[in-house]
A.B. asks: 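I am attaching a structure below and will ask some questions about it afterwards.
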Amino acid sequence: MGEITNFIEEAAGAFAADKALEAVDPNAGLLAKAAAAVAGFEGVGKVKEMLGGDGNSDANTNADAPAPSDDSQS
C-alpha cells in the first residue's frame with residue numbers, strides 16, 4: 001500500500017509542477033513541460049526526505065546543527 005501512496009504523491013507533484021509551468025508560461029514547449037514534470041516527481045521525494053516522511057532517520061540528521069545544551073545543574 002505504501003508504494004501506491006508514494007506513486008500517487010509523486011504523480012501529484014509532477015502534475016502540480018506542470019500546472020505551475022503552464023500558469024507562468026502558457027506557451028511552454030513539450031521539453032519544458034517534461035522537465036517540470038520530472039522536477040515535480042523528484043521534488044516530492046526530496047521534500048518528504050527533508051520533512052522525515054520516508055522514515056529514513058539517517059537523511060534527517062543535520063551535522064551542522066549545534067548539540068543540545070544540558071542546562072541542568074548537578
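Note that the coordinates shown come from a computational prediction; the quantities given were computed from them, not determined experimentally.
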A.B. asks: How would you list all residue pairs meeting salt bridge (charged side-chain N to carboxylate O under 4.0 Å, His left out) that involve residues 26-46, not counting sequence neighbours?
C.D. replies: Glu22-Lys33
A.B. asks: Got a sec, which residues hit side-chain hydrogen bond (donor to acceptor under 3.5 Å, both in side chains) with Asp25, two or more places apart in sequence or on another chain?
C.D. replies: none
A.B. asks: Show me, pair by pair, the donor-acceptor contacts under 3.5 angstrom made by side chains of residues 5-21, not counting sequence neighbours?
C.D. replies:
residue: Thr5; atom: OG1; partner: Met1; partner atom: O; Å: 3.1
residue: Asn6; atom: OD1; partner: Lys48; partner atom: NZ; Å: 2.6
residue: Asn6; atom: ND2; partner: Gly2; partner atom: O; Å: 3.4
residue: Glu9; atom: OE1; partner: Lys48; partner atom: NZ; Å: 2.9

